[in-house]
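To keep things clear, I will list the structure first and then write my remarks on it.
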Amino acid sequence: MKISSIESEPQGKKHVVLISSYHNSYTLKLIVFVGNKKSREKKNYIRVVSVRSPSCVGFQPCVVIMQEEESQEDPCCESMEENEPKKGGWDCFCIPIYWFRMLSREMHWSFVFGVVVIYGISQGVGGALAEVGTKYYMKDVQKVQPSEAQVYKGITSIPWIVKPLWGLLTDVLPFFGYRRRPYFIFAGFLGVIAMLLLSLHEDLHLLLALLSLTAGSAGVAIADVTIDACVAQNSISHPSLATDMQSLCAFSYSIGSLFGYFISGIFVHLIGPMGVFGLMTIPAGLITLVGFLLYEPRMPNTSYRQVKQNFVDACKAMWTTLRSEDVWRPCLYMYLSITLSLDIREGMFYWYTDSKGGPSFSQESVGFIFSISSVGALLGAILYQYALKDYAFRNLLFWTQLIYGLSGMLDLVLVMRWNLKFGIADYFFVVIVESIAQMTNRLKWMPMLVLSSKLCPSGIEGTFFALLMSIDNVGLLSASWGGGFVLHILRITRTKFNNIWLAILIRNILRIVPLWLLFLVPRADPNSSILPTESMDSKVAIDTSDTKNVELVSLVQSVDGK
């Protein structure tokens, strides 16, 4: 909230303070007491006793410290100070809870809930189950080579590349007067049907299996782009909380991944990869539930004749923004930095589970390794939130990219079995390697997410953010297919891993190359605006007034309106 004016009118020991906000166009009336705060600074202060703001739900009352010439003793206020709990270890433990409450007040609790469901349950828990289940499905059921599995992994990610299409549909093509709810419902049903097909057919042809996996991926992608539209919109309306929103997404995803990987190996061992696909219907069903619960004001008199014009206007606005040097240069860097980080994880997975040349990890061990390593991603998100989020993009990306490249050398130590010479067991060392890889990858990824949210023009923020994410996903596809090509050229198969050390070395060298491309990234910090003023407001003829406050239907909705 940005305050444009504060007026204080003394009424004895009471003060009536009027705070006018030009951002949300409302006025808050605070009844406060003036008292003497017993502290080292000896400053008078104004304590908020009550808030009278029936039109504002998200405002957060706070203690306003003010310097005054005379002190006024107030026993009531002094007793209130004495009764305040002292900060200690419990307060530190409750910091995440306070943070969640702050985000809920600023942007409404329903936004936080939606992010947790989509990022934490669908992409976190569901993504972990899908990744481990798909690895064993391709290896044990379909029996494909690691280079082929790497290529098939890229094919299933194609729905994430066409995210601008989903974003464009959610922005300009409403159904039954709603722009968000139908897409959540459709995405959930698509995921449920795809996962049921994979789980109920034992001898499913590889082509049909790929189509089902791609359809399930499309369901998650559609839900992701819908919630991303809310994130991008709130990043523009609350620029100071842009990093907090990305941290919320990262925290939800990391915690969900931690739990999902923990149970993935156990369930693969107990019910097999096809049974894991059956469990995947639960996250997909929750996406459908979000679609039904999402409260969205219905758009009256929707004219479908304007849909074509809206598409044209949105495409023009995106092209105009993308042509800006402040936009295409960071996009080019993000694509190249991701592409040059070759993905050879399928080859590493086959080596992990090989009984001759590798450590021969069991299914439970693989799940536990991925689970513990996901703590590294969570630590990376915490480190970014509390220590690195205010640093300039270029400086932060330099160090994260450098550490990301150097940390990859630990894989080389592992495959050369040098860790055994130092007395470090394979299981323990793999946990360290995977945790560091996840943490450095998260630290590299989060500033690019914040940068992407800063590049979105108002009016088509959902579509344009999806466009930027699709550019990143094209980079992931290129890295996956590039890694598959390297595995194929070096003749790394299901049973031969003689040259896997060379594949790791090539990957690590290419990870360092983006350091010479950092001139494409602006020197701006996350709290500043990057887009030119004339590009901030697009001229797309889309009515977005109805999505100013997207919230979920609740039994306490009437209480929120008080």
Side-chain angles (χ1 to χ4, degrees), residues 95-96 99 103 119 228 231-232 234-236 238-254 324-341 373-410 435-456 465 468-469 471-473 475-476 479 507-531:
I95 287 178
W99 182 61
L103 291 177
Y119 278 95
D228 278 348
V231 173
N234 285 321
S235 296
I236 295 175
H238 300 79
S240 61
L241 295 177
T243 55
D244 292 271
M245 281 181 275
Q246 294 300 336
S247 297
L248 174 64
C249 299
F251 289 154
S252 302
Y253 177 80
S254 299
S324 173
E325 185 176 356
D326 297 320
V327 177
W328 69 261
R329 286 165 62 94
C331 292
L332 180 60
Y333 171 80
M334 288 187 286
Y335 169 75
L336 293 176
S337 66
I338 295 173
T339 301
L340 293 173
S341 300
S373 64
S374 63
V375 177
L378 180 60
L379 292 177
I382 295 174
L383 181 61
Y384 177 80
Q385 169 65 21
Y386 292 102
L388 303 175
K389 68 176 183 178
D390 294 325
Y391 283 85
F393 290 114
R394 186 180 298 185
N395 297 336
L396 184 57
L397 287 174
F398 172 82
W399 291 108
T400 54
Q401 189 70 41
L402 179 62
I403 297 174
Y404 184 60
L406 295 178
S407 64
M409 290 298 179
L410 294 175
S435 298
I436 294 177
Q438 291 288 338
M439 183 179 67
T440 54
N441 185 57
R442 177 66 66 184
L443 288 175
K444 183 178 75 76
W445 185 250
M446 290 195 65
M448 290 196 291
L449 288 177
V450 178
L451 178 60
S452 298
S453 66
K454 293 288 185 178
L455 299 177
C456 298
F465 190 83
L468 297 180
M469 291 298 98
I471 294 175
D472 295 344
N473 289 315
L476 292 174
R507 180 202 65 182
N508 294 339
I509 293 175
L510 291 178
R511 281 182 177 181
I512 305 297
V513 175
L515 294 177
W516 283 269
L517 303 174
L518 282 170
F519 66 92
L520 298 171
V521 180
R523 294 184 179 273
D525 62 86
N527 297 320
S528 62
S529 180
I530 297 176
L531 285 179

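Because only heavy atoms are used, hydrogens play no part in the values below, and waters and symmetry mates are left out as well, while side chains stay in.
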Please find the pair of heavy atoms, one from Y333 and one from Q401, that lie closest to each other, and give the distance. OH-OE1, 3.9 Å
Which value, rounded to the nearest 0.5 Å, describes the distance between M409 atom CE and N508 atom CG? 4.5 Å
Contact between D472 and Y335 at the side-chain level, heavy atoms closer than 4.5 Å - yes or no? no
Quick check against the 3.5 Å criterion: does S252 have a side-chain atom that pairs as donor or acceptor with the backbone of C249? no
Rounded to the nearest 0.5 Å, how far does CG of L336 lie from CG of L520? 7.5 Å
Any side-chain heavy-atom pair of P514 and L340 under 4.5 Å: yes
Y119 versus L248: any side-chain heavy-atom pair under 4.5 Å? no
Donor-acceptor contact below 3.5 Å, side chain R511 vs main chain S407: no
Any I382 side-chain heavy atom under 4.5 Å of F251 side chain: yes
Run the side chain to side chain contact (heavy atoms under 4.5 Å, CB included) check on F393 and V450 step by step: do they pass? CA-CA 9 Å; F393 290 114; V450 178; 4.1 Å; yes
If every non-hydrogen atom of T339 is compared with every non-hydrogen atom of G475, which pair is closest and at what distance? OG1-CA, 3.4 Å
Closest heavy-atom contact between L468 and C331? CD2-SG, 3.2 Å
Identify each donor-acceptor pair in which a side-chain atom of residues 435-448 lies under 3.5 Å from a protein atom, sequence neighbours left out, and give them as a table.
{"from": "S435", "atom 1": "OG", "to": "V431", "atom 2": "O", "distance (Å)": "2.7"}
{"from": "T440", "atom 1": "OG1", "to": "I436", "atom 2": "O", "distance (Å)": "2.8"}
{"from": "T440", "atom 1": "OG1", "to": "A437", "atom 2": "O", "distance (Å)": "3.1"}

If I take atom CD1 from residue I471 and atom CG from residue L332, how far apart are they, to the nearest 0.5 angstrom? 9.5 Å
Value for CZ (F519) from CZ (R394), rounded to nearest 0.5 Å, stands at 9.0 Å
State the CE-CG distance between M334 and L451, to the nearest 0.5 angstrom. 5.5 Å
Euclidean distance, W399 CH2 relative to L515 CG, rounded to 0.5 Å: 10.0 Å
Over all heavy atoms of both residues, which pair between A479 and S341 is shortest? Give the atoms and the distance, please. CB-O, 3.4 Å
